[in-house]
Amino acid sequence: MMGRMVAALRSLLPDTIVGRAVAILLLALALSHLLSMAWYRSYLSQQADLADERVVAERIAAVKQAVMALPSGERESAAHSLSGRGLTAHWSAIPLVEEAFILDDRLDTLVRRLHQLVPGIDDNGLRVAYAAEGYGADHVLLVSTKLSDGSWINARATALSTFDRQDRHFIVPTTLMSLAILTVSVYLVRVCTAEFRNIARAARRLGVDVTAPPLPVHGPEEVREAAAAFNEMQGRIRTLVTDRTQMLAAISHDLRSPITAIRLRAEFIEEGEERDRILTQLDEMEAMISATLSFLKDDGRREETRVVDVGALLGTICDDMADAGRPVRFEGMTGAAMRCRPIALKRALTNLIENAVKYGGSAAVSLAKLPDHLAVSIDDNGPGIPEDEMETVFNPFYRLEASRNRGTGGFGLGLTVARSVIKGHGGNLVLENRPAGGLRVTVILPRV
């Protein structure tokens, strides 16, 4: 049960740090406001009660002195005329309060004030009590004070209801103060969490470029610690990638020596089918090593980025291929700009279009400019790719069975290089078989 309640409360919290911080601030301000109101109400009520008792005592003393100066026939009308504003006074032969009073803070204030105002009054001539519950008003005081002739002035007094008005005056400034505190707090929270947004952007950038500059380490201690940890992680990833590239490049380069030695030995074999087969396989191995070195060289290249019109770039590629007699056509527009490494992007797009011509017979290239990205589509009329191999074809040196011959000339690096370059630009490469036949390659690129 407790776990469900905690889960329900958590589900009510906003999903962002700023939202949760603001919610906590609102809750804290509301709780502080309520506690302040409760204390203020208690204090104000106590002070108001004491003030009421002093006022009641002064008015009763004034009624007593006025009535005593009049003859008996005029005393009741005089007492009645002096009533009002929470005090009702009567002149009577018997007291309204029949028993001795029991003092508390309020009654003690009233009695002491009456003794001050009427020095000759004694405890036997003064009776004070609260009205019985249900008397008709809350906090009604009953006072009977004895005159010199044995008659009584009886008064009923109700506490002045000034609290609600004071309470309203208190709510306005405290509410304004709470709003001011909340506004400043929200601004400061957003300033503090901005550093976390910088870390999030850097993390997304890391997936595109491991050579990006490190994060600046500043801000609160927690942010500095997170930024330092991120920079350390980025450095380790950069080192791993660099070491991998250098190792593969060294291995590929060192393989040239044994291949050359084997080729020299093969030259001494008598001419025939076996000798030709060995030399052919050596040619393929050497070409594969050259392709690997070229891939690794391009992977480690630090080409400067600049803004390029992708439409113009595609038009140039397609025009060059069409001039060379290849069945390539382009439909698109100019003005589709993005920041990229132009040589790398041109190589990736060229590989994809050449693959469409090589394995699909033709290439229909189109460019669409969408609200937040560019979409390049390359359609061919080939046999397509089996669904279970859509992801496998991106592996280095992987070729479909239908393409594993010297006539196609590839070594399974074209798609690998293309996707690596496109993802390095923050984009994506998607393959899908067209319903009408053939393969569609979709390149998603970020806009400027």
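Every value quoted in this text rests on a predicted model; they were computed, and no experiment measured them.
No side-chain heavy atom of Val365 sits less than 4.5 Å from a side-chain heavy atom of Arg329. Annotation: side chain of Leu415 is in contact with side chain of Asn355 (closest heavy-atom distance under 4.5 Å). Inter-residue side-chain proximity for Leu429 and Leu352 is flagged as met; some heavy-atom pair is nearer than 4.5 Å. Contact check for Asn231 versus Val217: side-chain heavy atoms found under the 4.5 Å cut-off. Using a 4.5 Å cut-off on side-chain heavy atoms (C-beta onward), Val376 and Thr442 make no contact. Residues Met338 and Val307 are not in side-chain contact: their nearest non-hydrogen atoms beyond the backbone lie 4.5 Å or more apart. In this structure, the side chains of Asn395 and Thr392 come closer than 4.5 Å at one or more pairs of heavy atoms.
No donor-acceptor pair closer than 3.5 Å links the side chain of Ser420 to the backbone N or O of Thr416. In this structure, the side chain of His425 does not engage the main chain of Pro446 through any donor-acceptor pair within 3.5 Å.
Asn198 and Leu215 make their closest contact through O-CD2, 4.0 Å (heavy atoms, listed as atom of the first residue, atom of the second, distance). Taking both residues in full, the closest heavy atoms of Phe330 and Gly315 are given as CD2-CA, 4.0 Å, listed atom of the first, atom of the second, then distance. The heavy-atom pair separating Ile422 from Ala348 by the smallest distance is CG1-CB, 4.5 Å. Across Leu374 and Ala337, no two heavy atoms sit closer than the pair CD1-O, 4.3 Å. Across all their heavy atoms, Thr305 and Arg339 have their closest contact at O-NH1, 3.5 Å. In terms of heavy-atom proximity, Gly384 sits nearest to Leu439 at CA-CB, 4.2 Å.
Interatomic distance, CG of Leu445 versus CG of Leu349, reported as 7.0 Å (0.5 Å rounding). Summarising the geometry, atom NZ belonging to Lys358 is positioned 8.5 Å from atom CG belonging to Asn351; distances are rounded to the nearest 0.5 Å. In this structure, the separation between CD1 on Ile317 and OG1 on Thr350 is 3.5 Å, given to the nearest 0.5 Å. Of the inter-residue distances, the one linking Ile378 atom CD1 with Glu354 atom CD reads 11.0 Å to the nearest 0.5 angstrom. A distance of 8.0 Å separates CG in Leu345 from CG in Leu314, rounded to the nearest 0.5 Å.
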*Please report the C-alpha distance between Val97 and Val128 in whole Å, then the side-chain angles of each, then the deciding distance to 0.1 Å, and finally whether the side-chain contact (heavy atoms from CB on, under 4.5 Å) criterion is met.*
CA-CA 7 Å; Val97 181; Val128 183; over 6 Å; no
_Met390 vs Asn433, side-chain contact (heavy atoms from CB on, under 4.5 Å): CA-CA, chis, key distance, verdict_ = CA-CA 9 Å; Met390 285 291 188; Asn433 291 316; 3.3 Å; yes
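Residue pairs meeting the side-chain hydrogen bond (donor to acceptor under 3.5 Å, both in side chains) criterion with at least one partner in residues 369-381, sequence neighbours excluded, are Ser362-Asn381, Asp379-Arg440, Asn381-Arg434.
For Arg306, there are no side chain to side chain donor-acceptor pair (under 3.5 Å) partners two or more places apart in sequence or in a different chain.
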